[in-house]
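Numbered from 1 within each chain, the chains take letters A, B, ... in sequence-line order.
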Protein chains: 2
Amino acid sequence: MDRPADDLTARARIRDAAMKLFTERGIEGASIRDIAAEAGVSSGLVRHHFGSKQALREACDRYAKERMLQIGEELVYQGGAAQTDVSAMHPITMPLQTYLVRSMMDGSETATALFLEMVDAGEEFTKTLPTDPSDRRAYAAVLAAMKMGVFVLRDQVSKAIGEDIAGPSGYARLTKAMLDIFTIPVMTPEQAEQLRKYSEEH
Amino acid sequence: MDRPADDLTARARIRDAAMKLFTERGIEGASIRDIAAEAGVSSGLVRHHFGSKQALREACDRYAKERMLQIGEELVYQGGAAQTDVSAMHPITMPLQTYLVRSMMDGSETATALFLEMVDAGEEFTKTLPTDPSDRRAYAAVLAAMKMGVFVLRDQVSKAIGEDIAGPSGYARLTKAMLDIFTIPVMTPEQAEQLRKYSEEH
DNA sequence: GTCTTGACTACACGATCGTGTAGTAATTTG
DNA sequence: CAAATTACTACACGATCGTGTAGTCAAGAC
């Protein structure tokens, strides 16, 4: 993961460059020539290895999904906090999640499938909650979307707190804040009831 | 807002079409010709009214931001749940928020400025919480990112719960789930402590 | 040795992009 | 009324897009 770029095969370097630029500029915004330049190869080699831009994108989708699942298994094996999907809060999954959300927004089936699997796992998790949510499915879906949604606004959150959330210090603050949000109720039941009644009227 | 498209001026129709396509396909993914076709005008008219694609985008940013603030003021005036920014949870702001997040991801200063204002307001709000978060700024930033982030995964959340969250029924479930998440602690303090210790080790 | 195969580059293609220009129809102004 | 401004369209431009084709080069198979 942190080996110098020279140690990676050209195919891997192209894939990494594609994920980086797809994340930063969107799928349409990153051209094959840009990706090739980022990887230090010719644009023809991108086509040689992946066939088409769409196929390159799907290869990135599959790789990101596999890495996410793989990291999740490793973390469970290491025994760190089994109940919740810890992989979703591990720093090295941040670029993967950011990419996956970008790809989801542009209609990736692979990334959407991973999201639905996360919702399934989250729905099971709701059974361990102290208070049952009335709509387990919606609760799990919104929670999953919230957790992943944070990463698409990485630059904005970084700007708001004054340091990059990809760095050690910023990521620690991010994690702590997420834990606070998930531990401290944001609203009192009275406030929630007020909002609930209001939303039912409109 | 729900008047037929014929009642709107061409300029407004172009802006609405641009926001729709920018949201659906990303900034790069939506061409001026696409936008013109969606609005039912020639591509030249888009240029006539807005000058360039970049200027069109900035006009959309300003409009979305103004509408958000305007709706927020109206809701406060109507007296619905004053403490929290209710506009962020009102159905008619959903497309606006979705657009703003898309634009933020592609580096919009206007949209980012609105986000920072939301974080400022949220930071004030933390003072009313029953338990103080240790890092108000990070707490408010992450909470704002979570609330907005849900909307970028609108299609995925809709797929997960089996109905469109833009519809009345789906939106009610979405709202209820968000309220549950903000009311019921997702983790017990023990679980949070376990994760906190784990994340400090890595 | 030759032969084959896969990694890799150079280059040309049609399509589409944002933009520029020229001109026409409609509306407003005096 | 005429004049001027605005709304709007048609069309051509250079650049860049994804893709296709042809060919070079190195490494292993026989």
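Nucleic acid contact for B:S52: sugar-phosphate only, since backbone atoms but no base atoms lie under 4.0 Å from a heavy atom of the residue. Among the heavy atoms of the strands lying under 4.0 Å from B:I32 are primed sugar atoms or P, OP1, OP2 only; no base atom is included.
At least one side-chain nitrogen or oxygen of B:H48 sits closer than 4.0 Å to the OP1 or OP2 atom of D:dA7. At the phosphate of D:dT16, neither OP1 nor OP2 sits under 4.0 Å from any side-chain N or O atom of A:S31.
The cationic group of B:R102 does not satisfy the cation-pi geometry with B:F22, failing either the under 6.0 Å distance to the six-membered ring centre or the 45° limit from the ring axis. Cation-pi geometry between A:R11 and A:F50 is satisfied (NZ or CZ under 6.0 Å from the ring centre, within 45° of the ring normal). B:F125 does not carry B:R136 over the face of its six-membered ring by the limits of under 6.0 Å from the centre and within 45° of the normal.
Atom CZ of B:R13 is separated from atom P of D:dA7 by 13 Å (rounded to the nearest Å). Separating the CZ atom of B:R25 from the P atom of C:dT16 is a distance of 13 Å, rounded to the nearest angstrom. With rounding to whole Å, A:E28 atom CD is found 17 Å from D:dT16 atom P. Per the geometry, CZ belonging to B:F22 stands 8 Å off P belonging to C:dG18, to the nearest Å. Between the C1' atom of C:dC17 and the CD atom of B:Q54 lies a distance of 16 Å, rounded to the nearest Å. The CZ-P distance, from B:R11 to D:dC8, rounds to 11 Å in whole Å. Protein atom CD1 of B:I27 is 15 Å distant from nucleotide atom P of C:dC17, rounded to whole Å. Counting to the nearest Å, the P atom of C:dG6 and the CZ atom of A:F50 are 16 Å from each other.
Between the CG atom in A:D16 and the CD atom in A:E38 there is a gap of 10.0 Å [rounded to 0.5 Å].
Nearer the 5' end of DNA chain C, as judged by each residue's closest nucleotide, is the contact made by A:R33, out of B:A30 and A:R33. Toward the 5' end of DNA chain C, the nearer of the two residues B:D34 and A:V46, judged by each one's closest nucleotide, is A:V46.
The neighbour count for A:Q70 CD, taken as heavy atoms of other residues, nucleotides or ligands under 6.0 Å away, is above 12.
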